[in-house]
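Every chain is numbered from 1 and lettered A, B, ... according to where its sequence line falls, protein lines coming before strand lines. This is a predicted model, so every value here is computed, not measured.
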Protein chains: 2
Amino acid sequence: MTRVLVVDDDPQLLRALKINLAARGYTVLTAPDGTRALHVAAHDQPDVIVLDLGLPDLDGADVITGLRGWSTTPIIVLSARTDSGDKVEALDAGADDYVTKPFGMDELLARLRAAVRRATTHSGAGEAVVHAGSLDIDLAAKQVTRDGVVVHLTPTEWGILELLARHQGKLVTQRQLLAEVWGPHYRNETNYLRVYLAQLRRKLEPDASHPRHLVTEPGMGYRFTP
Amino acid sequence: MTRVLVVDDDPQLLRALKINLAARGYTVLTAPDGTRALHVAAHDQPDVIVLDLGLPDLDGADVITGLRGWSTTPIIVLSARTDSGDKVEALDAGADDYVTKPFGMDELLARLRAAVRRATTHSGAGEAVVHAGSLDIDLAAKQVTRDGVVVHLTPTEWGILELLARHQGKLVTQRQLLAEVWGPHYRNETNYLRVYLAQLRRKLEPDASHPRHLVTEPGMGYRFTP
DNA sequence: TCGCGGCGCTAAGAATGCGTCAAGATCGGT
DNA sequence: ACCGATCTTGACGCATTCTTAGCGCCGCGA
């Protein structure tokens, strides 16, 4: 069953889309703002995302960028703005399609089918386990094992590790981590990161004081290196 | 270089598209009708196809079906018909996107970029790496390697290198660098640049006193030459 | 030939960011 | 209401990084 994540702050529209999509046999997930959209996307891995711009908390382009860092899930943007600049911005940020409101339900459904078709014909099964030394991180099961033994992580610890593992090899800025794990208001609380990274290293690294996987890039952020 | 096949029976529009696309660095192929479009597509294997509906010889949906039989090249449909039924038909036949005339050139170009990006990131490895001699600059991972070894850069050093590498070959003025890396208030502190460029050269250049990549343009700024 | 501005280079003090520890505060289940 | 787990908050020492100043070189024009 195809799973669609619909992100919109208008309960009316959300409901209308939910009914229409469910009637066509889609499984519908919803989120009312950007922060929760990112959470749901990471947690439930939908097959396609319908994203309304003009969300209350985050800028539309930021939501797209936040998703594109680790996911290639098709994104269809909805917007009331017909301005061509907005379209260009959203598409260049990584959106797959852009539909202006008011839209025909038939058209949206057709674009949805097109997006899903592309994604399924192009990509095989995405790998959900990241290996790193004696560490195995199962992103789908949300579980980490070290030398085969399960390591217990708190929700916050997992949030950080997941984000880093999804971007493995890439640098993740402190702001990115704080915004994704704690929320957009915590962007300057770099304190938290120091505490939690130390905790993660204590649990995961062979030698916590000389980290091999959870590497600090001073002044910039952190990097997970397999 | 990205190759675009434009299919349209209107010579005016064909010419306009050709000029605009060529100006953006695309290689442009053209076809005036469906039959020749299929031939060119089979023969030259373009990276993306812009297809006008309402061709003189074949029905639009038939052209799409004809292409989709053997190719997964992205197809962007142009049409004067705003009717939602046409859109649904074209998209379900296998088109990737549908743009109604009259359209903004900016929007079309953005949708073109989106289509090409999808196609390349899904199949090939979409890497954002700048190579220069024994230097590899990974802009996404924010990491530099020299002869395969990772070179550690401070945030400021990286800020400068990133800006220069993104504009590789082009001259970047001192004001530009200072404003982007330090902030708009530091536009006259050319001192900083001297210090940091020296540091970067020491870390990255084979012979720091005879720079090959980080070149000074006296009185103007700096240039990164691969 | 001389003076001048722009650049490369070095080095030291100042400022910032990080790891660490430990003690409250909060949450959630019994 | 209690208790353990988890999250927040503050403080300290240390290392790195940034800022700033000073000197010498080179090319250019007077």
Practice task
Tell me, please, which residues at least two apart from B/R194 pass side-chain hydrogen bond (donor to acceptor under 3.5 Å, both in side chains).
Solution key: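 By the side-chain hydrogen bond (donor to acceptor under 3.5 Å, both in side chains) rule, B/R194 matches B/N191.
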Exercise for the section: Under the side-chain hydrogen bond (donor to acceptor under 3.5 Å, both in side chains) rule, collect the residues that match up with B/D97, sequence neighbours excluded. Expected result: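 B/D97 satisfies side-chain hydrogen bond (donor to acceptor under 3.5 Å, both in side chains) with A/R111, B/R111 only.
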Practice task
Note the angle between the end axes of the helix from C/dT1-D/dA30 to C/dT30-D/dA1, five pairs defining each, rounded to 10 degrees.
Solution key: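 Answer rounded to 10°: the end axes differ by 40°.
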Handout entry: A/R201 side-chain N/O to C/dG19 phosphate OP1/OP2 under 4.0 Å
Key =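 Checking A/R201 against C/dG19: at least one side-chain N or O falls below 4.0 Å of OP1 or OP2.
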Exercise for the section: Kindly say if A/T216 contacts the phosphate of C/dG19, meaning a side-chain N or O under 4.0 Å from OP1 or OP2. Expected result: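 For C/dG19, OP1 or OP2 has a side-chain N or O of A/T216 closer than 4.0 Å.
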Exercise for the section: Quick one, give me the B/S/- string for nucleotides 7-23 of chain D, reading 5' to 3', where B means a protein heavy atom under 4.0 Å from the base and S means that only happens at the primed atoms, P, OP1 or OP2. Expected result: BBB-------SBBB---
Handout entry: Validation row: A/L29, A/V4 side chains within 4.5 angstrom (heavy atoms)
Key =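 The answer is no, as the side chains (C-beta and beyond) never meet within the 4.5 Å cut-off.
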Handout entry: Pair A/K87 + B/D106, salt bridge at N-O below 4.0 Å
Key =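 Result for this pair is no, no salt bridge flagged.
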Practice task
Scan residues 197-217 of chain B for pairs that pass salt bridge (charged side-chain N to carboxylate O under 4.0 Å, His left out), counting only residues two or more places apart or in two chains.
Solution key: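 Applying salt bridge (charged side-chain N to carboxylate O under 4.0 Å, His left out) to every pair that reaches into residues 197-217 of chain B, excluding sequence neighbours, yields B/E157-B/K203, B/E217-B/R223.
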Whole-Å distance separating the [atom1] atom of [X] from the [atom2] atom of [N]:
X: A/N188; N: C/dG17; atom1: CG; atom2: C1'; result: 14 Å
X: A/L197; N: C/dT20; atom1: CG; atom2: P; result: 10 Å
X: B/L214; N: C/dG8; atom1: CG; atom2: P; result: 11 Å
X: B/R175; N: C/dG6; atom1: CZ; atom2: P; result: 14 Å
X: A/L178; N: C/dC18; atom1: CG; atom2: P; result: 11 Å
X: B/L193; N: C/dC9; atom1: CG; atom2: P; result: 14 Å

Exercise for the section: Please name the residue in the list A/D92, A/V77, A/L91, A/D59 that meets the side chain to side chain contact (heavy atoms under 4.5 Å, CB included) test with A/I64. Expected result: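 Running side chain to side chain contact (heavy atoms under 4.5 Å, CB included) over A/D92, A/V77, A/L91, A/D59 with A/I64 returns exactly one hit, A/V77.
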Exercise answer: donor-acceptor pairs, residues 175-186 of chain A side-chain atoms, under 3.5 Å, sequence neighbours excluded:
{"residue": "A/Q176", "atom": "OE1", "partner": "A/T173", "partner atom": "N", "Å": "3.3"}
{"residue": "A/Q176", "atom": "OE1", "partner": "A/T173", "partner atom": "OG1", "Å": "3.3"}

Problem - Gap between atom OG1 of A/T156 and atom CG of A/L193 - 0.5 Å precision - result: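 That separation rounds to 11.0 Å.
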Handout entry: Pairwise distance CG(B/D47) to OH(B/Y26) - rounded to 0.5 angstrom
Key =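 Taking CG in B/D47 and OH in B/Y26, the distance rounds to 10.0 Å.
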Problem - Sugar-phosphate only, base, or nothing, as touched by A/E217 at under 4.0 Å among non-hydrogen atoms - result: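 Nothing, no heavy atom under 4.0 Å.
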